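Everything below concerns the one structure shown next.
Keep in mind that this is a model prediction, so the values were computed, not measured.
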Amino acid sequence: MIASNLELHRMATKRSSRVVTALTMLKTHLFKYQGHVGAACVLGGHDKNGPHLFCVYPHGSSDALPFATMGSGSLAAMAVFEADFKEDMAEEEAKELGETASHTTPFAWCT
């Protein structure tokens with residue numbers, strides 16, 4: 001649903017969509033149903049303004065964060081991120097950190 005709306009937006013404006021546009025569309029949809037959709041997710045992307053990472057909650061609220069986890073096992077993964085995350089990490093270093101965090105959560109994939 002969001003992907004098709006973003007494509008329509010790109011065609012109408014003749015420019016690339018921003019991550020915050022996807023966030024706004026998702027938040028609006030979730031807020032409209034007041035949590036009855038039951039979706040909570042991590043939304044991330046890169047646009048002309050740089051990288052973005054958001055946690056989106058079932059009622060349509062969101063947080064902008066440097067790193068995020070959600071779901072069962074997220075506390076263990078968050079502990080890894082809080083201990084080892086650094087601003088301006090190299091891409092390979094960030095991938096290794098994400099992999100390490102995901103291995104701490106044997107019952108859920110939440111990075």
Side-chain angles (χ1 to χ4, degrees):
M1 177 195 78
I2 300 300
S4 59
N5 285 341
L6 285 172
E7 183 61 28
L8 290 171
H9 184 266
R10 279 190 291 272
M11 291 177 359
T13 62
K14 296 185 178 20
R15 56 187 171 152
S16 296
S17 298
R18 296 182 183 176
V19 178
V20 73
T21 304
L23 174 67
T24 302
M25 289 177 178
L26 182 57
K27 288 172 56 165
T28 301
H29 181 75
L30 293 173
F31 181 77
K32 182 171 133 180
Y33 290 96
Q34 292 292 298
H36 294 287
V37 173
C41 60
V42 175
L43 174 68
H46 190 277
D47 59 24
K48 73 177 195 169
N49 296 323
H52 304 277
L53 188 65
F54 302 99
C55 283
V56 185
Y57 302 98
H59 287 89
S61 61
S62 65
D63 293 326
L65 305 163
F67 52 86
T69 62
M70 274 191 156
S72 62
S74 64
L75 293 178
M78 184 59 76
V80 172
F81 285 134
E82 287 177 345
D84 297 330
F85 177 81
K86 299 181 295 241
E87 291 289 332
D88 299 322
M89 293 176 78
E91 183 177 347
E92 194 57 40
E93 188 179 12
K95 287 178 181 179
E96 289 174 14
L97 180 59
E99 185 175 346
T100 301
S102 69
H103 288 293
T104 64
T105 60
F107 302 110
W109 180 79
C110 61
T111 58

Is [Y] close to [X] at the side-chain level, that is, under 4.5 Å between some pair of heavy atoms?
X	Y	result
Phe54	Val19	yes
Pro66	Glu87	yes
Lys86	Glu93	yes
His46	His52	no
Pro58	Leu30	no
Asp63	Tyr57	yes

For the [atom1] atom of [X] and the [atom2] atom of [Y], what is their distance to the nearest 0.5 Å?
X	Y	atom1	atom2	result
His59	His36	NE2	NE2	7.0 Å
Leu75	Met78	CG	CE	8.0 Å
His29	Asn5	NE2	CG	10.0 Å
Leu26	Ser62	CG	OG	9.0 Å

Atom CD of Gln34 with >12 non-hydrogen neighbours under 6.0 angstrom: yes

same_hphob_cluster([X], [Y]) at 4.5 Å side-chain heavy-atom cutoff:
X	Y	answer
Val56	Val37	yes
Met70	Leu43	no
Val42	Met1	no
Ile2	Tyr33	yes
Leu53	Val20	no

Closest non-hydrogen atom pair, [X] against [Y]:
X	Y	value
Ala68	Phe81	O-CE1, 4.0 Å
Cys55	Thr69	SG-O, 4.4 Å
Asn49	Asp47	N-OD1, 2.8 Å

Evaluation steps, side chain to side chain contact (heavy atoms under 4.5 Å, CB included), between Lys48 and Arg18: CA-CA 7 Å; Lys48 73 177 195 169; Arg18 296 182 183 176; 2.8 Å; yes

Sidechain-backbone polar pair: Thr21 side chain, Ser17 backbone, donor-acceptor under 3.5 Å: no

Check against salt bridge (charged side-chain N to carboxylate O under 4.0 Å, His left out), Lys95 and Glu91: CA-CA 6 Å; Lys95 287 178 181 179; Glu91 183 177 347; 3.3 Å; yes

